[in-house]
Amino acid sequence: MDRAQKLELLDRSLTRAADAIGDITPVVMARYYARHPDAAASFERHGMGRTSALEHEMVDNCLYCLMYCLERPTEIEILLENSVPHHQFTLQVSFDWYRGLVDATIDVIAESVPADAADERQVWDEIRSVLGGVFTECRSLLAGANPIAVASA
């Protein structure tokens, strides 16, 4: 399957999820908080009275990564390799919480793909794999990072 076909299938999945669910943010966040209950307090603290707006912004960021990781993988790699350490060291948002939100977003959208749409499922498997590789690299970067240097950067 070529890139254009993958992007078409990705668009189909995103459109279907939007049509079936509407705003996916509440569904994603419910799944995320069920998996990472301690993250709710972090969203409250960092949202400064605008928790819902922060949740929407973070799900939008996840969607951006999902929509463009096949088309512009280097851009997404750079984005995450800068954002993950910032969140971990400056905002005390753990790597697992960060990745967990991306995973919850993928799961919500991928669950809307019909069982007989193997080609779409393959695209979501590839997206999960591509982002998994980026997160593996981020974990390696975190392991060797100096939190004080990263926090002041």
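Nothing here was measured: the structure is a model prediction, and the numbers come from that model.
Contact check for Cys65 versus Leu80: side-chain heavy atoms found under the 4.5 Å cut-off. Annotation: side chain of Ile76 is not in contact with side chain of Val134 (no heavy-atom distance under 4.5 Å). Proximity of Asp107 to Arg128: side-chain heavy atoms (C-beta onward) are separated by under 4.5 Å at one or more points. Side-chain contact check for Val113 versus Val123: every heavy-atom pair is 4.5 Å or farther apart. Side-chain contact between Pro114 and Arg121 is absent, with no heavy-atom pair separated by less than 4.5 Å.
Checking side-chain atoms of Ser112 against main-chain N and O of Ile109 turns up a donor-acceptor pair under 3.5 Å. A donor-acceptor contact shorter than 3.5 Å is absent between the side chain of Asp11 and the backbone of Leu7. In terms of modelled atom types and a separation under 3.5 Å, the side chain of Thr51 and the main chain of Gly47 share no donor-acceptor contact. Ser83 contributes no side-chain N or O that, together with a main-chain N or O of Leu79, makes up a donor-acceptor pair within less than 3.5 Å.
Here the CD1 atom belonging to Ile127 is positioned 4.5 Å from the CG atom belonging to Leu70, to the nearest 0.5 angstrom. Rounded to the nearest 0.5 angstrom, His56 NE2 and Met29 CE are separated by 10.0 Å. With values rounded to the nearest 0.5 angstrom, Met1 atom CE is found 4.0 Å from Gln122 atom CD. Separating the CD atom in Glu120 from the CG atom in Leu14 is a distance of 9.5 Å, to the nearest 0.5 Å. Note that CZ of Arg45 and CG of Leu54 are 11.0 Å apart. Values are rounded to the nearest 0.5 Å. Distance check: Asn61 CG to Leu101 CG gives 9.0 Å after rounding to the nearest 0.5 Å.
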* Stepwise side-chain hydrogen bond (donor to acceptor under 3.5 Å, both in side chains) check, Glu55 with Thr25 -> CA-CA 7 Å; Glu55 291 170 341; Thr25 299; over 6 Å; no
* To do: For the pair Arg99 and Asp103, evaluate salt bridge (charged side-chain N to carboxylate O under 4.0 Å, His left out) and give the outcome as yes or no after the intermediate values.
  => CA-CA 6 Å; Arg99 183 170 185 171; Asp103 288 340; 3.8 Å; yes
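A salt bridge links Arg31 with Glu111: the closest approach of a Lys/Arg side-chain nitrogen to an acidic carboxylate oxygen falls below 4.0 angstrom. Taking a cutoff of 4.0 Å between a charged side-chain nitrogen and a carboxylate oxygen, Glu71 and Lys6 do not qualify as a salt bridge. Comment: Asp96 engages Arg139 in a salt bridge, judged by a side-chain N to carboxylate O separation of less than 4.0 angstrom.
Hydrophobic clustering places Tyr64 together with Met58 (ILVMFWY residues linked when any side-chain heavy atoms are closer than 4.5 Å, directly or through intermediates).
Pairing each heavy atom of Tyr33 with each of Ala40, the nearest pair is CE2-CA, 3.4 Å. The two residues Met67 and Leu10 make their nearest non-hydrogen contact at O-CD2, 3.5 Å.
There is no side-chain donor-acceptor pair under 3.5 Å between Tyr32 and Thr105. Looking at Trp97 and Ser42, their side chains never bring a donor and an acceptor atom within 3.5 Å of each other.
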